[in-house]
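Data block below; observations after.
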Amino acid sequence: MRVTVRLFAMLRERAGTSEWACDLPPGASAADAWRALVRAHAGLESFSGAVSPAVNEEFARMDTRLRDGDDVAFLPPVSGGQGERTQDDAAGS
């Protein structure tokens, strides 16, 4: 079966592409797609264990089974926040 893998942000930069077609055996999971992606783009290996998959635009788990034609996105880890909110933040100023 063939799935389309989409990459965003730092994953896209590391792989040098935002989209990648992947042939997988029937019954493959999102984790299998990730492993195939890492084999094709070694620069992504450091993200293993930190990415989150989405299948057909819905959050999924790495053990989610894929079907032919699925669209799989791997979302990079995100960080955010700059500490505690101040009273000025809460007041909207």
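W20 and L75 are members of different hydrophobic clusters when ILVMFWY side chains are connected at heavy-atom separations under 4.5 Å. Both L44 and M10 are part of a single hydrophobic cluster, where members link through side-chain heavy atoms under 4.5 Å apart. The cluster map of Ile, Leu, Val, Met, Phe, Trp and Tyr, joined by side-chain heavy atoms under 4.5 Å apart, puts F8 and V72 in different clusters. Using a 4.5 Å cut-off between side-chain heavy atoms of Ile, Leu, Val, Met, Phe, Trp and Tyr, with links allowed through other members, M1 and V5 fall into the same hydrophobic cluster.
For the atom pair T64 OG1 and M62 CE, the distance stands at 9.5 Å (nearest 0.5 Å). Going from atom CG of D63 over to atom CG of D32 covers 10.5 Å, rounded to the nearest 0.5 Å. The structure places OG of S52 at 10.5 Å from CH2 of W34, a figure rounded to the nearest 0.5 Å.
A donor-acceptor pair under 3.5 Å is absent between the side-chain atoms of D71 and the main chain of N56, judged by distance alone.
Looking at every heavy atom in both residues, L66 comes nearest to S29 through CD1-O, 3.5 Å. When all heavy atoms of A15 and L7 are compared, the pair lying nearest together is CB-CD1, 3.6 Å.
Residues satisfying the salt bridge (charged side-chain N to carboxylate O under 4.0 Å, His left out) test with R14, not counting sequence neighbours, are none. In this view, R65 satisfies the salt bridge (charged side-chain N to carboxylate O under 4.0 Å, His left out) rule with no residue, not counting sequence neighbours.
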Stepwise side chain to side chain contact (heavy atoms under 4.5 Å, CB included) check, H41 with T17: CA-CA 10 Å; H41 303 280; T17 185; 4.3 Å; yes
